[in-house]
Structures are given as C-alpha cells and as structure tokens.
Amino acid sequence: MSDLLDLERRALDELQACGDEPALRVWNTKFFGDSGEVRQALAGIGKVPKDQRAAFGKEANRVKEGLSAAFDAALAAEKDRAIERSLTHDVFDVTLPGRGVECGRLHPATQTLREIYAIFADMGFQVFRSREVEDDLTNFELLNMPPHHPARDMWDTFHTTTPGVLLRTHTSPGQIHVMRQSAPQPIRAILPGMCYRFEQISTRSEIMFHQVEGLAVGANITMADLKGTVQAFARRLFGQERRIRIRSSYFPFTEPSIEVDVEWPLVDEDAIRMTKGTGWLEIMGAGMVHPVVLRNGGYDPAEFSGFAFGMGPQRIAMLRHGIDDIRQFWRNDLRFLRQF
Ligand code: PHE
C-alpha cells in the first residue's frame with residue numbers, strides 16, 4: 001500500500017517537472033506504457049495477502065485513475081501554452097496570400113447547349129425534354145420507317161436485351177411525343193438531349209453525342225420559314241461573316257429534306273481531315289415534316305404543315321472553337337476542359 005502512495009507522489013512530481021509535450025509523452029510511457037510502472041503495480045496484486053487484496057485493488061485503481069486524469073489535464077494545459085507561445089512569439093505573416101478557392105465551370109457542351117437555348121428562346125421556341133431510352137415504334141416506325149426499311153441503315157443502333165427497346169439514335173422521336181401532347185395546338189419547340197449510335201469512334205463521330213431537335217407545326221409554315229430560322233440561328237451563333245450552305249438531302253420523316261453545313265474556320269491539315277476535304281462541316285439535317293409523321297403526331301396534313309431540324313451541338317462547338325477531335329468532349333481531360 002505504501003508503495004502505491006510512493007508511486008503516486010513520484011509520478012505527480014515528475015509530471016509537474018515536464019516542460020513540454022515530448023517530455024509528457026515520455027512520462028506517459030514510463031508510467032502507462034505496456035511495461036510501465038502503473039501496470040506493474042497493478043500486476044503486483046497477486047503478491048498481496050488475500051485479506052488485503054480488495055483494499056489494495058481499490059487503492060490501485062484510484063491511483064491509476066488520478067494519474068491518468070492528471071496526465072490529460074497536463075497535456076491539455078501544455079497544448080494551450082504552445083498555442084499561446086506561437087501567437088505571442090512566432091512571426092505571423094498577415095501579407096501571405098491566402099489559398100485560392102478552386103472554381104469549377106460548365107462543361108463546353110453545356111455552354112453551347114445554353115447558348116442554343118437562348119437563341120431559340122428569342123425566336124419563341126420552348127425547351128421540351130423527352131426520353132433517351134426509346135421504343136422501335138417511336139424511334140423509327142412513327143417517323144415513317146417501317147421494319148426493314150432500308151433508311152434505318154442511316155442509324156446504327158444500340159438495341160437492348162428487351163425486344164423493341166433501344167437507345168434513341170436521334171432526338172427525332174421527341175417530335176412524336178411533343179406533337180401528341182400538343183395537338184391540335186401549334187408548336188414551336190426545341191428538344192435537346194443525348195443520342196447514341198453504334199458507330200466506329202473517330203475524330204468526327206462518337207457513340208454518344210447531344211442533339212437539339214427543333215419542331216414548328218402550324219398553319220402555312222413553309223420551307224422559307226425553315227431557311228429563315230436556320231439562317232438567323234447561324235448568324236447569332238457564328239457571326240454575320242461565317243458562311244453556311246444548304247444542300248438538298250433525304251430523311252424518311254421530312255419531305256423535302258436538307259442538310260446545313262458551316263465553313264470550317266481554319267485552313268490546315270486538320271481542316272482537310274475534319275471536313276473530308278470540302279472545307280464544310282455538316283451541323284444539321286432538316287426539312288418539312290412528312291405528312292405521315294404529322295398524321296402520326298395527331299395533326300391533319302391538309303390543315304397543318306411544319307418544319308423540323310436536328311443539329312449536333314458538339315459539331316457546333318467544334319466549329320466555333322476549332323476543336324479538331326470530337327472525342328475530347330467525354331474524355332474528362334482537364335487540359336481540354338479548362339480552356340472553356
Ligand atoms: N434525326 C436526323 C438525324 O439524326 C436529323 C433530322 C432531324 C433531319 C429533323 C430532319 C429533321 O440524322
């Protein structure tokens with residue numbers, strides 16, 4: 001019992017004498033380490049006569065807990081002192097610049113999409129969203145492409161394991177959705193979203209890409225309205241100087257059909273690769289909505305007409321910024337993304 005009291009006194013004296021945190025740690029190991037004195041004292045209970053063991057055990061626990069609390073208090077006090085010392089004695093450089101907050105930004109694809117929305121909003125087009133997982137019926141059939149129609153070859157398709165369910169190959173099935181929701185009201189809508197094609201990936205083509213579909217349905221809508229809309233859009237986006245050209249084309253869901261090209265901004269080797277040597281990059285297909293499609297959407301073609309277009313905002317961003325590889329968009333390379 002007297003050994004215990006002796007140990008307690010000695011430990012407290014030594015604790016008092018500790019001048020800094022390392023000294024406190026040494027003290028802690030000496031008394032509370034695996035073979036420390038406190039543990040050894042507790043192990044000594046076996047040598048105490050049986051009738052005194054309970055009293056010894058009680059006392060030993062009191063000493064152990066007291067010393068442990070004293071250590072915690074001494075360590076906390078030492079930490080406070082260390083902070084105090086550093087505040088009063090160490091040099092604190094208030095002129096050191098702080099660490100900048102890293103600032104994120106919108107993906108270049110999102111930036112382009114938003115510019116496109118803004119331009120069409122000014123022309124009275126509403127944004128309409130439709131699904132990316134489509135059925136064969138809406139992606140092809142209702143767009144005037146019956147099963148086995150050769151025009152389906154224009155869209156290499158990702159089919160799912162569920163028969164008749166596929167990843168949409170274009171935003172055009174959205175035309176059916178928006179018409180069925182709106183008929184017989186006139187429509188002015190754009191339908192942005194991701195499309196998927198089972199294609200060879202190259203600098204010009206990706207297996208996933210955005211499209212922005214446009215649809216106007218009403219009385220007396222003509223090809224002149226389509227041309228005017230496309231031209232006004234291109235001027236806003238690319239500036240007055242950039243030349244565009246309109247070629248005749250074929251789509252099963254428009255008649256007549258056109259394609260719109262924009263001049264590639266640079267003349268170099270990449271220009272030849274990007275434009276297949278023509279100097280032009282196609283940005284959209286378009287045309288007057290086919291009567292069959294109007295009828296499938298719930299509009300009487302004798303009363304209504306309309307135009308539709310589908311453009312590729314990735315291609316548009318490439319033309320605006322001279323990006324010569326479409327694969328950059330989904331590669332998540334910060335060296336690319338930070339430039340926008
Ligand atoms: N959906 C067509 C495509 O992906 C583009 C298009 C849209 C053409 C609307 C005409 C009208 O190639």
Side-chain angles (χ1 to χ4, degrees), residues 113 116 120 125 127-132 134-145 149-158 166-179 187-200 204-218 221-223 225-231 233-234 244-262 280-297 299 301 304-316 326:
L113 280 173
I116 294 172
F120 280 108
F125 284 76
V127 174
F128 184 97
R129 302 217 169 253
S130 74
R131 60 191 182 205
E132 291 176 23
E134 263 299 351
D135 45 33
D136 189 272
L137 185 73
T138 324
N139 195 81
F140 291 119
E141 260 191 84
L142 294 174
L143 294 174
N144 203 22
M145 278 176 277
H149 192 289
R152 287 183 175 213
D153 282 354
M154 291 164 71
W155 295 273
D156 294 307
T157 309
F158 282 110
L166 44 82
L167 299 185
R168 68 175 174 192
T169 56
H170 49 178
T171 41
S172 298
Q175 290 184 31
I176 300 291
H177 294 299
V178 73
M179 280 194 275
I187 297 171
R188 232 186 278 179
I190 55 169
L191 301 89
M194 198 56 94
C195 303
Y196 305 86
R197 285 191 201 165
F198 187 37
E199 276 188 5
Q200 187 69 43
R204 291 165 49 99
S205 316
E206 254 287 12
I207 58 171
M208 54 183 277
F209 52 92
H210 286 118
Q211 277 195 345
V212 179
E213 191 85 6
L215 178 68
V217 176
I221 292 184
T222 70
M223 189 83 176
D225 297 311
L226 170 58
K227 276 182 78 176
T229 305
V230 166
Q231 248 153 10
F233 167 74
I244 67 167
R245 71 175 184 184
I246 293 176
R247 289 177 289 119
S248 67
S249 183
Y250 167 75
F251 297 100
F253 34 89
T254 45
E255 181 59 36
S257 303
I258 59 168
E259 271 173 62
V260 181
D261 299 343
V262 177
W280 301 89
L281 192 67
E282 180 206 329
I283 59 157
M284 71 168 87
M288 301 307 292
V289 182
H290 196 285
V292 167
V293 177
L294 279 174
R295 209 173 291 120
N296 288 340
Y299 290 84
F304 291 91
S305 58
F307 66 74
F309 55 81
M311 65 174 88
Q314 265 76 77
R315 291 272 181 93
I316 288 171
I326 198 169

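Counting starts at 1 for both ligands and their atoms, following the listed order. Not measured: the values here are computed from a predicted model.
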Just checking, any donor-acceptor pair under 3.5 angstrom between side chains of S205 and R197?
no
Against heavy atoms of Q175, which atoms of ligand 1 measure under 4.0 Å?
9 (C)
Closest protein heavy atom to atom 9 (C) of ligand 1, given as residue, atom name and distance to 0.1 Å:
E213 OE2, 3.3 Å
Identify, for atom 3 (C) of ligand 1, the protein heavy atom at the shortest distance, and state residue, atom and that distance.
W155 NE1, 3.6 Å
I need the nearest protein heavy-atom contact for atom 6 (C) of ligand 1: residue, atom name and distance, please.
G285 O, 3.6 Å
Output the list of atoms in ligand 1 that are nearer than 4.0 Å to some heavy atom of R197, sorted by atom number.
3 (C), 4 (O), 12 (O)
Residue that, paired with Y196, satisfies side chain to side chain donor-acceptor pair (under 3.5 Å) out of E206, H170, E132
E132
Does F253 approach ligand 1 within less than 4.0 angstrom via side chain, backbone, both or neither, non-hydrogen atoms only?
side chain
Could you list the atoms of ligand 1 found under 4.0 angstrom from a heavy atom of T254?
10 (C), 11 (C)
Taking only Lys NZ, Arg NE, NH1 and NH2, and the carboxylate oxygens of Asp or Glu, determine whether R188 and D225 approach each other closer than 4.0 Å.
no
Which of the numbered atoms in ligand 1 are below 4.0 angstrom from a heavy atom of G310?
6 (C), 7 (C), 9 (C)
Please check if any side-chain donor atom of H177 sits under 3.5 Å from a side-chain acceptor atom of E134, or the reverse.
yes
